[in-house]
*Asks:* 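One structure coming up, written as structure tokens, with questions to follow.
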Amino acid sequence: MNSRRGFLQMITGSVFSFSLISREALASVKETNYEGPVLRVAIMGLGSYASRVAEAMQSCKKAKLVGVISGTPSKIKDWQTKYFIPEKNCYHYGNFDEIKNNPDIDAVYVITPNALHHDQVIRVAAAGKHVICEKPMALNAKEGQEMIDACEKAKVRLLVGYRMHFEAKTLEVIRMRNEGEFGKIRFFQGLCGFRIGDPGQWRLNKKLSGGGSMMDIGIYAVNGARYMVGEEPVWVTAQETKTDSAKFKEGVDETIQFQMGFPGGAVASCLSTYAMNNLDRFFLDGDSGFAEMQPSTNYGPIKGRTHKGELSQPHITHQTVQMEEMASILFEGRQPILPVDGKEALKDLKIIDAVYLAAKTGTKVSLDLR
Ligand code: NDP
């Protein structure tokens, strides 16, 4: 942990020449006048989502990108130049365990293909650093539990990149539900999908993705059903359809419809697909009101309305808010309204395991997420 004052001293001192610092970066530092702790983050896996997170972090006052872990030397060089990352904070997949000897990094954000999360998170934990891991946290609940255990053993925190858990319109719907404004909740619908392109990408390779659309986009409906209904499901049923078995090979799901039942009697009807566009919609229905959001989980702005009218909370880049909030969770003991820890992610993995089992067997699968 360091302070914003320390960062200011560093960038205006001898470490970097003034000409290297962008006017925008200095302006944002000056504007904040923030003197508290700063979460110093190294990002692992410099792909498309990592690039988005890195850009968003430029607007953070409580979190700062200070390091990289990558298998691609040219990307490391580019990121060093773009984000003023010193050589001593650059690692590759073979040597990142050495991060344990680096006092200038507090946390590693793992943004690699799904199948790599398990081993990489466990190695980061063993190096004594907090871990932020992208969704899905792992390929299945067994792996997820092992990651939680490893982080507990190493006494580091494990957080998962559930950016929607900090999104203002989403949180307003949850506030309304908690205050009973929708009455008794009866139904949730979650539609999540897009037509996936390049058949050669890792998302369509079971070894790296762990599955298909469910792992990647269906997880938003799983997680959204839980936070919109406000209960944990007790059963799952599921049906899989496949129209292109050349593109979606064995174990890579193209489309799954699934249903969940909740203890209070509510039911959820969800669709996860890699074969249809324009599917990013949540609908929550209660005895005395409703909420609908479309788009509901993309990068925003999220749009939505309830029986009381349009949701008007302002849009702030999701990844900026997420990293600010995660810094507060790690350094100030903040309890988020919706949890973003490993145990939260484990519940989604248990449900996804059950969805796959239900689709395969055609049976109703019981769940116990307590
Ligand atoms: P990309 O393919 O764009 O990037 C993944 C990066 O991981 C690569 O660029 C590479 O970086 C590294 N990598 C290491 N080993 C491999 C390998 N064997 N094959 C491919 N890449 C490898 O993926 P995304 O950034 O889209 O997704 C990464 C993770 O982030 C996924 O778990 C995904 O689910 C999650 N995600 C989350 C989103 C959210 O909104 N929360 C949105 C999008 C993705 P390098 O060359 O530096 O080693």
Side-chain angles (χ1 to χ4, degrees), residues 42-57 65 67-80 82-83 85 89-96 108-121 123-124 131-140 143-144 147 159-167 170 192-194 196-224 252 272 274 280 295-300 302 317-323 325-326 338 340 344-345 348-349 352:
I43 290 185
M44 182 185 299
L46 309 182
S48 81
Y49 193 62
S51 302
R52 187 175 286 275
V53 170
E55 275 309 303
M57 283 181 73
L65 173 65
V68 289
I69 300 146
S70 169
T72 312
S74 60
K75 287 191 203 166
I76 295 183
K77 286 232 158 348
D78 291 348
W79 281 53
Q80 277 192 272
K82 194 166 179 193
Y83 299 114
I85 294 169
N89 289 358
C90 297
Y91 298 86
H92 55 74
Y93 299 114
N95 74 355
F96 74 79
V108 173
Y109 194 160
V110 175
I111 318 186
T112 53
N114 309 340
L116 309 180
H117 296 175
H118 172 265
D119 289 7
Q120 288 169 342
V121 164
R123 280 173 67 189
V124 171
V131 204
I132 304 169
C133 179
E134 255 318 313
K135 50 55 58 177
M137 181 172 80
L139 299 191
N140 51 53
E143 280 194 2
M147 293 155 81
L159 304 180
V160 178
Y162 286 122
R163 61 186 163 76
M164 298 313 297
H165 288 207
F166 306 108
E167 196 277 322
T170 303
C192 298
F194 63 94
I196 198 161
D198 175 16
Q201 64 186 286
W202 67 260
R203 281 180 166 79
L204 297 176
N205 173 352
K206 184 171 163 65
K207 276 209 172 103
L208 286 171
S209 62
S213 74
M214 267 309 297
M215 301 300 289
D216 190 35
I217 189 88
I219 190 171
Y220 286 97
V222 167
N223 190 253
V252 179
S272 164
Y274 268 160
D280 184 0
S296 55
T297 65
N298 75 5
Y299 299 135
I302 300 303
T317 304
H318 297 173
Q319 296 80 7
T320 304
V321 183
Q322 175 196 310
M323 295 310 292
E325 292 287 330
M326 286 186 167
L338 297 173
V340 288
E344 165 75 6
D348 287 344
L349 294 174
I352 292 172

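Every number for a ligand or one of its atoms is a count from 1 in the order of the listing.
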*Asks:* Below 4.5 Å, heavy atoms only, C-beta onward: do M323 and I132 meet side chain to side chain?
*Replies:* yes
*Asks:* Nearest heavy-atom pair of L349 and G144: which atoms, and what distance?
*Replies:* CD1-CA, 4.0 Å
*Asks:* Below 4.0 Å from any atom of ligand 1, is there a heavy atom belonging to Y93?
*Replies:* yes
*Asks:* Evaluate G71 for polar contact with ligand 1, using N/O atom pairs at a separation under 3.5 Å.
*Replies:* yes
*Asks:* What are the atoms of ligand 1, with element, lying closer than 4.0 Å to any heavy atom of Y299?
*Replies:* 40 (O), 42 (C), 43 (C)
*Asks:* Where is the nearest protein heavy atom to atom 41 (N) of ligand 1: which residue, which atom, and how far?
*Replies:* E134 OE1, 2.9 Å
*Asks:* Quick one: are M137 and E344 in side-chain contact, heavy atoms under 4.5 Å?
*Replies:* no
*Asks:* Heavy-atom distance under 4.5 Å between the side chains of I219 and Y162, does that happen here?
*Replies:* yes
*Asks:* In terms of residue, atom name and distance, what is the protein heavy atom nearest to atom 15 (N) of ligand 1?
*Replies:* L116 CD1, 3.3 Å
*Asks:* Under 3.5 Å, side chain of H117 to main-chain N/O of T112, donor-acceptor pair present?
*Replies:* yes
*Asks:* Using heavy atoms and a threshold below 4.0 Å, how should the contact between Y49 and ligand 1 be classified: side chain, backbone, both, or neither?
*Replies:* both
*Asks:* Applying the side-chain contact (heavy atoms from CB on, under 4.5 Å) criterion to W79, which one of S51, S70, C90 satisfies it?
*Replies:* S51
*Asks:* Flag Q319 as yes when one of its N or O atoms lies below 3.5 Å from any N or O atom of ligand 1, and as no otherwise.
*Replies:* no
*Asks:* Give the residue and atom name of whichever protein heavy atom lies nearest to atom 11 (O) of ligand 1, and the separation in Å to one decimal.
*Replies:* L46 N, 3.2 Å
*Asks:* Any chance the side chains of Y299 and Q319 put a donor and an acceptor closer than 3.5 Å?
*Replies:* no
*Asks:* Please list the nearest protein heavy atom to atom 8 (C) of ligand 1 with its residue and the distance rounded to 0.1 Å.
*Replies:* K75 NZ, 4.0 Å
*Asks:* Of the side chain and backbone of Y220, name the one, both, or neither that has a heavy atom under 4.0 Å from an atom of ligand 1.
*Replies:* side chain
*Asks:* If you count the atoms of ligand 1 from 1 in the order shown, which ones are under 4.0 Å from a heavy atom of G45?
*Replies:* 7 (O), 11 (O), 12 (C), 47 (O)
*Asks:* As an exercise, identify every atom of ligand 1 less than 4.0 angstrom from a heavy atom of G161.
*Replies:* 41 (N)
*Asks:* List every atom of ligand 1 that sits less than 4.0 Å from any heavy atom of T72, numbering the atoms from 1 in the order shown and giving each element.
*Replies:* 45 (P), 46 (O)
*Asks:* Mark the output for H117 as yes if a heavy-atom distance to ligand 1 is under 4.0 Å, and as no if none is.
*Replies:* yes
*Asks:* Less than 3.5 Å apart, any donor N or O on the side chain of E134 or Y109 sitting next to an acceptor on the other?
*Replies:* yes
*Asks:* Please write down residue, atom name and distance for the protein heavy atom closest to atom 7 (O) of ligand 1.
*Replies:* P113 CD, 3.3 Å
*Asks:* Identify the protein heavy atom lying closest to atom 26 (O) of ligand 1, giving its residue, its atom name and the separation to 0.1 Å.
*Replies:* R203 NH2, 2.9 Å
*Asks:* Between the side chain of R163 and the main-chain N/O of T297, is any donor-acceptor distance below 3.5 Å?
*Replies:* yes
*Asks:* Considering only protein heavy atoms, which is closest to atom 3 (O) of ligand 1, and at what distance to one decimal place?
*Replies:* S48 N, 2.8 Å
*Asks:* Using a distance-only test with no angle check, is there a side-chain donor-acceptor pair under 3.5 angstrom linking N89 and Q80?
*Replies:* no
*Asks:* Are the side chain of K75 and the backbone N or O of L46 linked by a donor-acceptor pair below 3.5 Å?
*Replies:* yes
*Asks:* Starting from atom 34 (O) of ligand 1, which protein heavy atom do you reach first, and at what distance in Å?
*Replies:* K135 O, 2.8 Å
*Asks:* At less than 4.0 angstrom from any non-hydrogen atom of R163, what atoms of ligand 1 do you find?
*Replies:* 39 (C), 40 (O), 41 (N)
*Asks:* Which of the atoms in ligand 1, numbered in the order shown and given with their element, are less than 4.0 Å from a heavy-atom of S70?
*Replies:* 45 (P), 46 (O), 47 (O), 48 (O)
*Asks:* Could you check S209 against D216 for side chain to side chain donor-acceptor pair (under 3.5 Å), going step by step and ending with a plain yes or no?
*Replies:* CA-CA 8 Å; S209 62; D216 190 35; over 6 Å; no
